[in-house]
Amino acid sequence: MPELPEVETIRRGLAPLLAGRRFTHVTVRHRGLRWPIAPGFERQLEARAIGAIDRRAKYLLIRCDGGTLIVHLGMSGSLCVVPAATPPGKHDHLDLALDDGRMLRFNDPRRFGSVHWVEDDPLDHPLLATLGPEPLAPGFDGDRLYAETRGRKAAIKQVLMDGHVLAGIGNIYASEALYRAGIHPARSARRVSRARYRLLADAIHTTLDLALAAGGSTLRDFVDATGAPGCFQQQYGVYGKAGQPCERCGSAIRQLRQGQRSTFYCPHCQR
DNA sequence: AATCTTTCCTGCCGGC
DNA sequence: TGCCGGCAGGAAAGAT
């Protein structure tokens, strides 16, 4: 479900609901996430005042007094704020009760998501410390991307999805950005010119901005913190459209496999 | 049965 | 020889 625009949409939805709140009680029903929820996690969160809600790549950073809750939604995770008396569903693994009669609930059927409590700077956590630049932050541009990809023989699409090169670009938006930039997804990253990396950086920016404006994509049943679905998928140029005509040239969009993931592209527009 | 949004880890290889 | 980085594949688990 979530790539950067979806996580950012969730962050924006969550921020006003958690502002000024305090965690009161923590219930863990299933500790077996991607990394097991640490023993003592419940007690560490209790009575913490909540501060800013930030994001790094696809990680949500829920800053509290004395520490930070780091949440990753994996493939199928979701967060919502609901009344504290709401009965738990099948994959509601974690409830964080708030001091206003509601709770923050973490649901994740596939359990590829994760939850960490850290007392040091969360950006120093091993999972976050080596991440590449944020694509929407100042300082990210085509020249940076060009520099990051020197010596990379692998396909540009796979390098784009490497979080240590560029943070937060997943399978869908990698296909979309390459389509917008006119670059073939299987092209070796080191054989893309500096000029085309500048086009690609612009395409990444535009693609993410459009997705954010639409409130993220709806894959399966993505909903934001208030339950509203995103609608960016209606704007996909190539993703999931194998066999359909390219909007620019009319050629049939093709699908290929890269690293066990589906890639979609236009054979005429992308070189 | 095959596929799907994530990403860490392992094993292997090449370069210095 | 040893070390490091890059690269491909596997793994986690459930719903459709």
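Please read all numbers here as calculations on a predicted model, not as lab measurements. Lettering of chains follows the sequences in order, A, B, ..., and the numbering in each one begins at 1.
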Picking from [options], which would you name as closest to the side chain of [X]?
{"X": "A:R257", "options": "B:dT3, B:dC8, C:dC7", "answer": "B:dT3"}
{"X": "A:W35", "options": "B:dC8, C:dG6, B:dC4", "answer": "B:dC8"}
{"X": "A:A154", "options": "B:dC4, C:dA8, C:dG14", "answer": "C:dA8"}
{"X": "A:Y59", "options": "B:dC8, B:dT3, C:dG14", "answer": "B:dC8"}
{"X": "A:S262", "options": "C:dG14, C:dG9, B:dT3", "answer": "B:dT3"}

A:R29 bridged to A:D95 by N-O distance under 4.0 Å:
yes

Expressed as a whole number of angstroms, how long is the span from [X]:[atom1] to [N]:[atom2]?
{"X": "A:R190", "N": "B:dG14", "atom1": "CZ", "atom2": "C1'", "answer": "12 Å"}
{"X": "A:H125", "N": "B:dC8", "atom1": "NE2", "atom2": "C1'", "answer": "13 Å"}
{"X": "A:M75", "N": "C:dA11", "atom1": "CE", "atom2": "C1'", "answer": "12 Å"}
{"X": "A:L33", "N": "B:dC8", "atom1": "CG", "atom2": "C1'", "answer": "15 Å"}
{"X": "A:F264", "N": "B:dC4", "atom1": "CZ", "atom2": "P", "answer": "7 Å"}
{"X": "A:K153", "N": "B:dC12", "atom1": "NZ", "atom2": "C1'", "answer": "13 Å"}
{"X": "A:I156", "N": "C:dC7", "atom1": "CD1", "atom2": "P", "answer": "11 Å"}
{"X": "A:F112", "N": "C:dA12", "atom1": "CZ", "atom2": "P", "answer": "9 Å"}

Does C:dT1 have a Watson-Crick or wobble partner in any strand here, with both distances under 3.5 angstrom, and which is it?
none

Determine, for A:F41 and A:R43, whether the Lys NZ or Arg CZ falls below 6.0 Å from the six-membered ring centre while staying within 45 degrees of the axis.
no

Using a cut-off of strictly less than 4.0 Å, decide whether A:H91 has a side-chain nitrogen or oxygen near OP1 or OP2 of C:dG14.
no

At under 4.0 Å, does any side-chain N or O of A:Q158 touch on OP1 or OP2 of C:dC7?
no

Touch class at under 4.0 angstrom, heavy-atom based, for [X] against every strand present:
{"X": "A:G170", "result": "sugar-phosphate"}
{"X": "A:R261", "result": "base"}
{"X": "A:H164", "result": "sugar-phosphate"}

Using heavy-atom distances to pick each residue's nearest nucleotide on DNA chain C, tell me which of A:R34 and A:K90 is more 5'.
A:R34

Give a yes or no answer on whether the side chain of A:T149 reaches the backbone of A:R152 with a donor-acceptor pair at less than 3.5 Å.
no

Which value, rounded to the nearest 0.5 Å, describes the distance between A:L199 atom CG and A:R194 atom CZ?
13.5 Å

Any chance the side chains of A:T263 and A:R257 put a donor and an acceptor closer than 3.5 Å?
no

